[in-house]
Amino acid sequence: MKRRVGILISGRGSNMVALADAARDPAYPAEIAVVISNDPTAAGLALAEARGIATRAIPHRHFGRDRAAHEAAIDAALAAEEVEVVCLAGYMRLLTPFLVGRYAGRMLNIHPSLLPAFPGLETHARALAAGVKFHGCTVHLVTEAMDEGPILAQAAVPVRPGDDEAALAERVLAEEHVLYAAALARFLTGDAGRAPTAALHNPLPDTLPAP
Ligand code: GAR
């Protein structure tokens with residue numbers, strides 16, 4: 001039976017679309033119960049609606065500095081849709097221990113770097129500045145600390161000579177879409193929720209010998 005997943009977004013929503021499109025497969029272990037955005041203008045809301053998914057805009061600005069009240073509203077919206085697992089997909093607000101605790105062990109995030117390298121913002125620019133030869137993305141369980149928590153899956157991409165931030169971001173984003181859907185499926189069906197596993201998907205350059 002499909003598990004009910006809620007997705008939190010703040011903007012473009014391309015990772016949300018990747019999860020929603022994967023979930024259209026009857027064999028995929030999740031259905032997207034609701035997409036919630038803290039930004040009512042988020043492009044992802046319309047993309048979710050176009051796919052027939054329930055959406056809610058819960059603007060943090062309506063709650064002023066009362067983060068607890070904002071998260072209580074999100075929690076109520078998730079509960080109303082009987083959400084079991086939450087996926088953060090470009091949700092750009094820090095969560096308080098309240099919501100993290102409510103979904104402890106069943107809240108996933110995708111981050112555009114190979115954590116623990118480059119937590120936070122502007123990961124692609126920082127990767128280029130650091131001169132790393134591989135960059136990528138990580139799906140991890142959410143804990144109270146930002147961009148930390150047990151790693152469920154990672155995908156690496158090469159940094160190519162001449163890459164700028166946009167080119168690198170595009171290469172990573174394509175891997176994010178594949179990785180998130182695969183990692184969520186594995187989390188729901190396998191033992192990845194109990195013990196972090198090795199990489200699911202690691203598209204190394206095909207000049208390297210196969211393992
Ligand atoms: C994605 O690259 C995601 O990894 C990143 O925001 C982007 C959202 O794009 N998330 C973070 O930086 C979280 N720390 P999307 O809205 O098209 O999925």
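Predicted, not measured: the structure shown is a model, and the values here were computed from it. In each ligand, atom 1 is the first atom listed, and ligand 1 is the first ligand listed.
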Fill in the blank from the handout: Heavy-atom proximity to atom 16 (O) of ligand 1 ranks first, among Ser37, Gly11, Gly13, Pro112, for Gly13
Can you tell me the protein heavy atom closest to [atom] and the distance?
{"atom": "atom 8 (C) of ligand 1", "answer": "Gly90 CA, 3.6 Å"}
{"atom": "atom 15 (P) of ligand 1", "answer": "Ser14 N, 3.4 Å"}
{"atom": "atom 14 (N) of ligand 1", "answer": "His111 ND1, 3.1 Å"}
{"atom": "atom 1 (C) of ligand 1", "answer": "Glu176 OE1, 3.2 Å"}

Problem - With Ile53, the side chain to side chain contact (heavy atoms under 4.5 Å, CB included) member among Leu45, Val35, Leu47, Ile7 - result: Val35
Fill in the blank from the handout: Within the 4.0 Å heavy-atom cut-off, what Asp147 brings close to ligand 1 is side chain
Problem - Gap separating the CE atom of Met92 from the CD1 atom of Ile9, nearest 0.5 angstrom - result: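 That separation rounds to 12.5 Å.
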Problem - Met146 to ligand 1, any heavy atom closer than 4.0 Å - result: no
Handout entry: Heavy atom of Ile9, distance to ligand 1 below 4.0 Å
Key =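 So Ile9 does not count as touching ligand 1.
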Do the non-hydrogen side-chain atoms of [X] and [Y] ever get within less than 4.5 Å of each other?
{"X": "Asp163", "Y": "His124", "answer": "no"}
{"X": "Val34", "Y": "Thr55", "answer": "no"}
{"X": "Asp75", "Y": "Tyr103", "answer": "yes"}

Exercise for the section: Inspect the contact between Glu81 and Arg4 and indicate whether a charged nitrogen and a carboxylate oxygen are less than 4.0 angstrom apart. Expected result: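 Yes, Arg4 and Glu81 are salt-bridged.
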Could you pull out all donor-acceptor pairs under 3.5 Å where a side-chain atom in residues 13-25 meets a protein atom, sequence neighbours excluded?
from  : atom 1 : to     : atom 2 : distance (Å)
Ser14 : OG     : His177 : NE2    : 2.8
Asn15 : ND2    : Glu176 : OE1    : 2.9
Asp21 : OD1    : Arg51  : NE     : 3.0
Asp25 : OD1    : Ala27  : N      : 2.8

Exercise for the section: Under 4.0 Å from a heavy atom of Arg12: give me the atoms of ligand 1 that qualify, with their elements. Expected result: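 Answer, ordered by atom number: 9 (O), 15 (P), 16 (O), 17 (O).
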